[in-house]
Amino acid sequence: MAVVTYIEAIRQALFEEMARDERVFLMGEDIGAYGGAFKVTEGLSEKFGEKRVIDSPISEQAIVGAAIGASYMGMRPVCEIQFIDFIACCFDMLTNFAATSRYRNGAGVPIVVRGPCGGGVGGGPFHSLNPEAFFLNTPGLKMVEPSTAYDAKGLLKAAIRDDDPVLYFEHKFLYRRIKDEVPDEDYIVPLGKAAVRREGTDLSIITFGAMVYTALDAAKALEEQGVQAEVIDLRSLAPLDKEAVLESVAKTNRALLLHEATLTGGIGGELAAIISEHAFEYLDAPVMRVASADAPVPYAPPLESAFLPSVSKVVAASKRLVEY
Amino acid sequence: MAVVTYIEAIRQALFEEMARDERVFLMGEDIGAYGGAFKVTEGLSEKFGEKRVIDSPISEQAIVGAAIGASYMGMRPVCEIQFIDFIACCFDMLTNFAATSRYRNGAGVPIVVRGPCGGGVGGGPFHSLNPEAFFLNTPGLKMVEPSTAYDAKGLLKAAIRDDDPVLYFEHKFLYRRIKDEVPDEDYIVPLGKAAVRREGTDLSIITFGAMVYTALDAAKALEEQGVQAEVIDLRSLAPLDKEAVLESVAKTNRALLLHEATLTGGIGGELAAIISEHAFEYLDAPVMRVASADAPVPYAPPLESAFLPSVSKVVAASKRLVEY
Amino acid sequence: MYWFARLAREIEERLVILFRQSKVIGGLYRSLGQEGESVGTAYALEKSDAVLPLIRNMGALMTMGVRPREIFLQYMAKGESNSRGRDLNIHIVHMPAWTRDLSSPAGRDTDAPASRPALQVGRDTDAKEPVVVGPISMLGDSIPVAAGIAMGARMRGRTLVSMAWIGDGATSTGAFHEGLNFAAVQKAPLVVIAEDNKFAYSTPIARQMAITRIDERAAAYGIPHEMVDGNDMLAVYDVARRMVDRARAGEGASLIGVDTMRMEGHAQHDDARYVPKELVEQWEKKDPIARFTKVLVDRGAANVEQIAEIDRMARSYAAEEADAAERSPMPDPATITRGVYAGDDYARPTLEFVRSPFADAD
Amino acid sequence: MYWFARLAREIEERLVILFRQSKVIGGLYRSLGQEGESVGTAYALEKSDAVLPLIRNMGALMTMGVRPREIFLQYMAKGESNSRGRDLNIHIVHMPAWTRDLSSPAGRDTDAPASRPALQVGRDTDAKEPVVVGPISMLGDSIPVAAGIAMGARMRGRTLVSMAWIGDGATSTGAFHEGLNFAAVQKAPLVVIAEDNKFAYSTPIARQMAITRIDERAAAYGIPHEMVDGNDMLAVYDVARRMVDRARAGEGASLIGVDTMRMEGHAQHDDARYVPKELVEQWEKKDPIARFTKVLVDRGAANVEQIAEIDRMARSYAAEEADAAERSPMPDPATITRGVYAGDDYARPTLEFVRSPFADAD
Ligand SMILES: Cc1ncc(C[n+]2csc(CCOP(=O)(O)OP(=O)(O)O)c2C)c(N)n1
Ligand SMILES: Cc1ncc(C[n+]2csc(CCOP(=O)(O)OP(=O)(O)O)c2C)c(N)n1
Ligand SMILES: [Mg+2]
Ligand SMILES: [Mg+2]
């Protein structure tokens, strides 16, 4: 066991998968000699050569399209989108080509498209995106977003070995702020499985990514007020771990959905639908959501912190729920 | 008052708005002399000239981008996406440029992007899309989808006169199948307002677009079984008419969300979240959803009809709700 | 070559009949007048190469040995079609066994012949199978994928050439630009065939681009490009051959502009009244099959009777294949949610290849 | 011209200081070494034309008369900035009053001067205001918008030329291709400045395109294109002038490729160790401002003392503007949901323009 950062865990996963399987290769902008805008791929091109760490032109549609073609040939491409915001530029290739290929003609597309998502770093409207809801209504795609170094490594390995297209969102706020223990031996974190980050009996805070820490801090604050919050880390956003969500709500009878993307049209809606349809009998209070304000992500720190979900907002909502 | 088809109502709206305001012009593929793939713009280029009905190259990003630029200059562009499926190709320009411009610098983008959506016509995976959920998590965009000729005309006029970017989805299945009365004088249907298509007391079927007719047929069948279903036609998908939805659910105490897009990640989630948060006290049964199966839209008619929501599925779900 | 072009035309003639009987689901897009360039370009490939055709490249599919029945099955949305009735017309995909063989970098050459019964025209038992990737409707998207196929096969250690067709209109898409530029920088073994057939649906090429020679699209990418008379099959073959050879030799991507004409509407529903009559008349004189017939006869390669015989053969073959397809069942609605993701043991569909009766003569 | 280039450099020097004091929010992207082409190109425009600059076109913004304080306000995310602290660096937008004046097709020429107090350098009271549309981060997206501005202004009956800058890397985007192709077909009054500054972030241009002359990107669109030494301000101005004039005369779009060099890293955090030392040394000799100084002196237009005086002026002006900006307040968090949509009476932000102290001398 070694304690590594979230970003180092991602690098390790790439390194080990490339060493394990010669068919795994990387494509993206500035990922070669430079090692990527966030240095996630640092050292990989030296180790595996330029043929397996390909610096691409500024062409997201081409990066993903070429990955699809290479995957047809038996390769396992991992694409980096320099900032996940630019995934909007290849929305077509992902939702129309990659997502439907297996269904239409049985031709699987084992590609991973990864990149830094999320705010809290003063990135402004175009470097802070949380795009999961854009893709949630497209069958054929899988999506994950780790909150720990352990999951960052295990989910990325699982994504690379998966036979379907997987969108892997890494939260840039966590890159160097989060450190935890990662086994020395090979392991994966299976897609589609949530994790209970904190046991509780009074309400379930269902979240993922950087918001897991907001939820845990809120849970600590709530504990001091005698409220036991359970914190569920979804980890996989498609497919969603319905069982884990329903099980927790069946236990706590209260659900708070927390995500960093803006409220309206966010993944919280899907979770609310699942809970209100399948856990209706268990609910002692309304299903509530805490998310970012319905606006583009503002750039100035005072604006962004008012925009993002905060511990105090989560505490306040939780108390409304338990006092309901 | 004259009875016109849904498609004719759209054409009338374009014609009258272009006649009313010289700043309104059209851009799109094959919309000029040819009159568009579905003949929506037939006759407009003869009437208003090629300068105001511009045949573009096959370049969705350029169509929308040019519309944004022209709107900055005071023009009122209306873009046609030949099949709404191709809106995926300009997802970036819409969500990043058009949606954020006013918020970032106060520069409004009064454009309309319209096109044929929806299935039921054997169009297959790339000519049957219902894209509303792709855009629901992007503040700054508005979305409408009419179900009647009256609304088709009134909503398009309202969209063209609106100062923000509006996505206008017209359901190709309704183009020539739906006819209703349209006033001779100028009128608009305000954005953001739903309509009650049928009064009922036992449950609320909340839907829009072609599914309104599926809901009304189901309501008829239910009536014979003594169940009074209320049918809400959202008409506007962003912003959603929360009041109308909550009012209806407060009355019927049961909500069935019906949409043609696939289930997971669809707009039904957002509606479920609104209802389960704000109408919790009124609910006598779980909030249920009926939508298309979680798969790409299959091409063969027997597959597509099994894929789409049907009257019998709506009736069955409604009965589960009322018998709950 | 003649066989493939004629076969393509006969298949489409047959499809028109089925369309009129409304047995074809959705639209029918013909390549009438473009069979020559489709066949001439694909003919320059090895049977083990990759093709990414468009709706109007029926000739290329025939040249690569795709069994005609596969086309009819697709157009009629049958359950036994390559897409199992899930996708349109020529949206078919085939990956040879080696792409799934991970035992060695390049994979063993065990391309098992497709598993369906042989037919009189003869199954292609020995030759290797091609990579076939039909288009998705979003125009231009095939180009980045074609580049990736070229790059990926090279990484697998195979000398495979990837050939993709694209319409004049589709060269205006961002995907075309990004994909071809990437292929050019990567020196990928890709040959793009840009078809100037004068129209994109109803839009004349002058509204699509401000250049008059479509091959100049490639000038932005620093790759070789040539224009060729698309209705002269031999000329098309010659230039395609050169570009394919240099791609195989590792000299990188190239683009061939073909000057041709779409002789009917965009699809059967389109009467194409926007097309000037003179233009059609002028191009009728240049029909690629008629011209190639003349060449064959002039060169004494075949006489008129022999050619008439081949035509009869093609027609009846197309008819048999259509009938066979017609008899096959529609897909089972119970399957609609199968195979969205891997691992639900939903069988991978097959694509059958056949051998040209003139395989040796060719 | 000298003033604008020098001012741009001094502003960036000032920004570096503020950045080191971490008063700049987010990254700082410099145009060191590229001030010449930014100024030379924009200088060919009328004050009433449209500019769509990139992060490295500080010189263009100064040339169009944007008040330096506006830049500092943006970089420090202040509440009084053009984006009210909502967007980054030069993501600023300004629409002259005529664009909102719907009383006549072209709108009346009542471009009210911006409403803030004048300063010693002199407010630009008489001249018309330009259309300014800063970029969004998605590279290439400015090009279709620039085309639309050119087309839209033409529809409004105005003779406005739209000028957009784009990096070598950004020419690989689909948006660039679609936008410039559309402008070419529409003969829109658009001039695109393609900046070959040798790198896109860390990616050398050879990995970006297989052509060596960036202006050849335009060969695919059938529009005039020329390459120019981007560090020779006068040469840049000459070719820009010709392209702007033909655009204004209704002869359509064009592209100018500028040969220049990004003299620092992509942003302040980037030490650019991937850039060969020789390359930097070789380009240091070609500094556009030093070269232009020499021209001025040689031609006797100014002597060394006068130029030193101008430099001092620029430096202190930049300093004053920075200080003024620093004193202004951060935005009010209560406003975050205001102005997402029209109609919530959230005031339209302003952009202030100033008059060059050498406006007459120029
Ligand atoms: C991205 C995209 N936009 C629009 C369409 C609608 N569409 C289908 S075919 C077609 C015309 C294609 O013309 P061209 O590329 O010249 O090919 P051709 O039909 O002439 O062979 C159009 C506009 C599409 N399929 N994809
Ligand atoms: C669509 C898109 N992809 C990736 C990026 C990330 N990115 C920001 S700047 C940059 C390099 C730009 O290089 P170039 O266009 O040459 O402009 P320069 O910085 O050299 O002036 C990249 C890759 C982006 N902004 N937009
Ligand atoms: Mg064409
Ligand atoms: Mg550059």
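The sequence lines fix the lettering, A, B, ..., with proteins before strands; numbering per chain opens at 1.
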When the aromatic ring centroids of His94(D) and Tyr72(B) are compared, is their separation below 6.0 Å?
-> no
Identify which part of Asn96(B) has an atom lying under 4.5 Å from any heavy atom of chain D, answering side chain, backbone, both or neither.
-> both
Verify, without hydrogens or angle tests, whether Tyr34(B) (side chain) and Lys39(B) (backbone) share a donor-acceptor contact under 3.5 angstrom.
-> no
Chain B contact via Ile336(D) - side chain, backbone, both or neither, heavy atoms under 4.5 Å | both
Distance only, no hydrogens: is a donor on one side chain within 3.5 Å (strictly under) of an acceptor on the other, for Asp92(B) and Gln61(B)?
-> yes
Between the side chains of Asn105(B) and Ser83(D), is a donor N or O closer than 3.5 angstrom to an acceptor N or O?
-> no
Tell me, for Arg348(D) versus chain B, whether the close heavy atoms (under 4.5 Å) come from the side chain, the backbone, both or neither.
-> side chain
Best-contacting candidate, Pro57(B), Gly74(B), Gly140(B), against chain D by heavy atom pairs under 4.5 angstrom = Gly140(B)
Relative to each other, are the rings of Tyr221(D) and His177(D) parallel, tilted or perpendicular (30° and 60° limits)?
-> tilted
What orientation do Phe135(B) and Phe91(B) show, parallel under 30°, tilted 30 to 60°, or perpendicular over 60°?
-> tilted
Heavy-atom distance under 4.5 Å to chain B: side chain of Arg154(D), backbone, both or neither?
-> neither
For chain D, which of Ala66(B), Ser56(B), Gly106(B) has the most heavy-atom pairs under 4.5 Å?
-> Ala66(B)
Applying a strict 4.5 Å limit to non-hydrogen atoms, the region of Ile54(B) in contact with chain D is side chain
Name the member of Ala70(B), Cys89(B), Ala62(B) that forms the most heavy-atom pairs with chain D at distances under 4.5 Å.
-> Ala62(B)
